[in-house]
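Worksheet: the structure to be examined is printed underneath.
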Amino acid sequence: MNGDLFAGASGPEQIGPGSWLQHGAALDAAPALFAEVQHLTAAAPFRQMQTPGGSRMSVAMSNCGPFGWVTDRSGYRYAATDPLSGLPWPPLPPLFLQIAGAAAERAGYPGFVPDACLINRYAPGARMALHQDKDERDFTAPIVSLSLGLPVVFLFGGDQRSDPPARLLLSHGDVLVWGGPDRLRFHGVMPLKPGRHELLGEQRINLTFRKAR
DNA sequence: AAGTGGCT
DNA sequence: CACT
């Protein structure tokens, strides 16, 4: 039935020529990571941004690091300051850099130093349509995605929107890395199923580390 | 256009 | 797919 829905508790799993799903890689650090998220989003609160078409995203977002991904009616871009406050985004916590760099190295991308961390909060029902990460200047750096809280079905498509996506279950503490030949693959997430996580509560938090410039 | 609605 |  769901033979292509990976949920194993085993080690790193290769899901593409340049992509690895590292089950539980951030499990030990999860409480500290969540505490950092709470501090960061006290300074730069979660907000539901608008797409260029005028729709409001179901996912609430914030950022930390030198650059933050933002969207409004003008389009998608990286910005050095929070549009809500006009202030720089909070700095990337050293723990974030350490975890993201280690995950990238395990996936074959040594020396990964992200300059942008997008913090996504999924409440039940929140989803992300298939898209490509292509607002970065340099596609040689990978994408590192870290999951906290409730599990969600991740859609990992191909280089064309019409390519049928694989379905991967992303759970608390999982880290997904994609780059190289997989860097521009379409991806997204199915609507978050209601539930309660013992540490995070009724939500999923995703940290996406990127090299924007 | 990382969302939505409506077509076949 | 077209539109926003």
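All of these numbers come straight from a predicted model, not from anything done at the bench. Letters go in sequence order (proteins before strands), and every chain restarts at 1.
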DNA chain B: first to last nucleotide in contact with chain A (atom under 4.0 angstrom from a heavy atom), 5' to 3', is B/dA1 to B/dT4

What about the rings of A/W89 and A/F67, do their centers lie closer together than 6.0 Å? no

Start with the C-alpha distance between A/N120 and A/M128, add both sets of side-chain angles, then the distance that settles side chain to side chain contact (heavy atoms under 4.5 Å, CB included), and finish with yes or no. CA-CA 10 Å; A/N120 290 153; A/M128 182 91 58; 4.1 Å; yes

If you look at every strand shown and take non-hydrogen atoms under 4.0 Å, does A/T51 touch a base, only sugar-phosphate, or nothing? sugar-phosphate

Looking for any heavy atom pair under 4.0 Å, which part of the strands does A/R161 touch: base, sugar-phosphate only, or nothing? sugar-phosphate

Smallest heavy-atom separation, A/S19 atom then A/D182 atom, equals OG-OD2, 2.6 Å

Hydrophobic side-chain clustering at under 4.5 Å (ILVMFWY, transitive links): who's grouped with A/L27? Put none if nobody. none

Pair partner, C/dC1 [Watson-Crick or wobble, under 3.5 Å]: B/dG5

Which pairs with one or both residues in residues 97-145 of chain A pass ring-ring contact (aromatic ring centres under 6.0 Å, His included), sequence neighbours excluded? A/H131-A/H187

Would a hydrophobic clustering, with Ile, Leu, Val, Met, Phe, Trp and Tyr connected at side-chain separations under 4.5 Å, put A/M61 with A/L170? yes

Say we look at B/dT4 and B/dT8: how far apart would their P atoms be, to the nearest angstrom? 23 Å

